[in-house]
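A short worksheet on the structure shown next.
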Amino acid sequence: MTSNDDILRALGRVEGRLTGIEESVALLREDVSDEKDNAHESRSVIHRRLDEQAKQIAHLDTTVAISGGVDATLREEIKALKETVDKNHASTQPALEDWKRMKAIGYGISGLIAFAGLTIGGIVAYMSDGAVTWVRHWLKIN
């Protein structure tokens, strides 16, 4: 039979092991608690990012829709302006052609006047010696 000392020693060993197990369980609980907190924080960060992405996508969708509407409006305005320009061009084309014709005639007249001036200047230069003697004779300058 076993003695009381053996029984007490065995109970002491069991009690020591139980104390060690309790400490290990407490450490495991702290580790699990820390991991839970970290996981919760990580999930909240992910959810915040997903919410931000959803807001950005919604904003982008709104921007694209507005841009499409503005684009359509601008196309219509450009089409209307093109029609106006074409009408104005058709109505002013005869006046522009007349102006071009008058401009060409003006160049021709300017050329004729320049040619006549050069001709008269050449004649005056050629006849200048005779004119000088005629003017001296008329003024009675010797």
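This structure is a prediction, so every number in the text was calculated from the model and none was measured.
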For this session: Treat each ILVMFWY residue as a node, draw an edge where side-chain heavy atoms are under 4.5 Å apart, and state whether V135 and I141 are in one component.
Result: yes

Problem set entry | D51/R48 ion pair, N-O < 4.0 Å | no

Exercise. With the 4.5 Å side-chain cut-off for hydrophobic clustering, are I123 and Y126 part of the same group?
Worked result: yes

For this session: Test R17 against V14 for side-chain contact (heavy atoms from CB on, under 4.5 Å), laying out the working first.
Result: CA-CA 5 Å; R17 285 186 184 168; V14 169; 5.8 Å; no

Exercise. Counting heavy atoms not belonging to Q93, are there more than 12 under 6.0 Å from its CD?
Worked result: yes

Exercise. To the nearest 0.5 Å, what is the distance between CG (L60) and CD (Q53)?
Worked result: 11.0 Å

Seminar exercise, completed: Rounded to the nearest 0.5 angstrom, the CD-CD distance for E15 and E22 is 9.5 Å

Exercise. Atom CD in Q56, atom OG1 in T63: separation rounded to 0.5 Å?
Worked result: 11.0 Å

Exercise. Do N38 and E35 come within less than 4.5 Å of each other through their side chains, counting heavy atoms only?
Worked result: no

Exercise. Nearest 0.5 Å, what's the NZ-NE2 distance between K82 and H89?
Worked result: 12.5 Å

Problem set entry | Note: D71-R75 ion pair, threshold 4.0 Å (strictly below) | yes

Problem set entry | S67 side chain to V64 backbone, donor-acceptor under 3.5 Å | no

Exercise. Taking a hydrophobic cluster as the set of Ile, Leu, Val, Met, Phe, Trp and Tyr residues connected by side-chain heavy atoms closer than 4.5 Å, whether directly or through intermediates, do W134 and L139 fall within one such cluster?
Worked result: yes

For this session: Working to the nearest 0.5 Å, report the span between OG1 of T119 and CG of L112.
Result: 10.0 Å

Exercise. Taking atom CD of E97 as the centre, does the number of heavy atoms from other residues, nucleotides or ligands within less than 6.0 Å exceed 12?
Worked result: yes

For this session: Starting at CD of E23, measure out to CG of L18 and round the result to the nearest 0.5 Å.
Result: 11.5 Å

Exercise. I113, F115: one ILVMFWY side-chain cluster at the under-4.5 Å cut-off?
Worked result: no

Exercise. Backbone N or O of A39 within a donor-acceptor pair of the S42 side chain at under 3.5 Å?
Worked result: no

Problem set entry | Check: S110 side chain, G106 main-chain N or O, donor-acceptor pair, under 3.5 Å | yes

